[in-house]
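Just below is one structure, and these are the notes that go with it.
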Amino acid sequence: MKVRAYPAFSLSLIAAFRVFAGRSGCGILVSWNFFCHANSENAEGETLERIDLNDYDRVVGAFERRFGRAPRWVVRAPGRVNLIGEHTDYNDGFVLPLAIDRAVWLALAPRGDRRVEVFSLDFDRPAAFDLDDPVKEGHDWDEYVKGTAWSLIQAGFRLAGWEGVAWGNVPVGAGLSSSAALELATARAFAAAGSLAWDPATMARLAQRAENHWVGVNCGIMDQLISAAGRAGCALLIDCRSLDCVPVAFPPGVAVAVLDTSTRRGLVDSLYNERRQQCEAAARWFDVPALRDVDRATFDRRAGELDETTRRRARHVVTENARTLAAVDALRQGDAGAVGELLGESHRSLRDDFEVSSPALDAMVRHAAAHQACYGARMTGAGFGGCAVALIDAAESRAFVDAVSAGYQDETGLVPAVYVCSAADGAEVVEHG
Ligand code: GLA
């Protein structure tokens, strides 16, 4: 058995600590991962990746206990946070997410038949299905596994059976794409077990198809594509029409903080679908395939003819696409201050024009943006609850995390989870025999 990735030579300096305090068993979970860069090169020029051996050991140990043998492969696929470019993916626009150092892991070995058996450590529950007849049974975690198998089969891939153990540390329901991570880990597992060609964009499309048509969530392509194609140390500028991905490095000394408000909102799917429909209606009104095709000048010229709601929704998408491209330019110039300004504008546009923020997200963004270490902050993901994202001075991460956590908790009475994350690689086989 060959381990492809070791943390030993990583430049990573990892400091993590947890403070559990407070109310009814929950508490502040604060962790710091300070990274110089997630990728480095050793003397032989081999790329060394950072893998957290605790995560790796957990799934391997659980696999060995459950199946009495060693796994043949260990795969992981990350969650994501979106820096800017929100609600633009299903408008064929631009997004700038990064894969984060939280992932879904799968340890697996081949079976002699056409069954898949997976045990989830998170849900403490087994699931099994037949590759010749996957059946949708409910809304549990295993539907993401089954749906991905179904989608690969529909696309003509010949799948092989396997048994495995799954574990993840992407918080569920927080807007960090735990479901896309599970779909891409599953796709990576099938690719390993069946010797399938791995093309990140193709696999992302098929995972999105599983989410749209099997799970029944009408998401865009961003979450699956960043989980498939993420690049360590970089955000990815994704053109959601062509699916071209361009890595954009962070300026030295700049870190990304994820700020979980601890709020989760029901009905997100229907509100999300409503926004999609409003955008599609606006594109039809402009007589273009998608709002991506409306530039600012055209919008300004014709905005007065639109009804109020359509005008606001379209204005958000048109301006957000422009902000995303401007943020890429600013990052390339090392101008974190300019990126921060754009994050602030994005938040106001999502709050006032697209109307997908919430009082908790607004409070979190206010506390983050007011801190001197912060270049800018905004809500991230679908909205209505979940997480904000901030660009901060890495040297002051600790003070930022402490102050923003305390300020938010004082104001709202809610216990947040704030962590500084590093940009990770996309879905990969970590070990193969
Ligand atoms: C969710 C969806 C994505 C994207 C974002 C909003 O995360 O899954 O496709 O639309 O919301 O940017």
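Side chains included, hydrogens not; waters and symmetry mates left out as well; all remaining heavy atoms used. Every number for a ligand or one of its atoms is a count from 1 in the order of the listing.
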| field | Polar side-chain atom of Glu428 near backbone of Val75 as donor-acceptor pair, under 3.5 Å | value | no
Under 3.5 Å donor-acceptor pairs involving side-chain atoms of residues 91-99, not counting sequence neighbours:
{"residue": "Asn91", "atom": "ND2", "partner": "His87", "partner atom": "O", "Å": "2.9"}
{"residue": "Asp92", "atom": "OD2", "partner": "Arg241", "partner atom": "NE", "Å": "3.0"}
{"residue": "Asp92", "atom": "OD2", "partner": "Arg241", "partner atom": "NH2", "Å": "3.1"}

| Looking at Trp285, is Arg302 sitting on its ring face, NZ or CZ under 6.0 Å from the six-membered ring centre and within 45 degrees of the normal? | yes
| query | With sequence neighbours left out, which residue pairs that include part of residues 158-183 fulfil the salt bridge (charged side-chain N to carboxylate O under 4.0 Å, His left out) condition? | reply | Arg69-Glu163, Arg111-Glu163
| Hey, is the main chain of Asn273 close enough, under 3.5 Å, to the side chain of Asn218 for a donor-acceptor pair? | no
| field | Residues forming a side chain to side chain donor-acceptor pair (under 3.5 Å) with Thr310, sequence neighbours excluded | value | Asp307
| task | Run through ligand 1 for me and note each protein residue having a heavy atom under 4.0 Å from it, chain first, then residue number. | result | Arg80, Glu86, His87, Asp89, Tyr90, Cys219, Gly220, Met222, Asp223, Tyr272, Gly381, Ala382
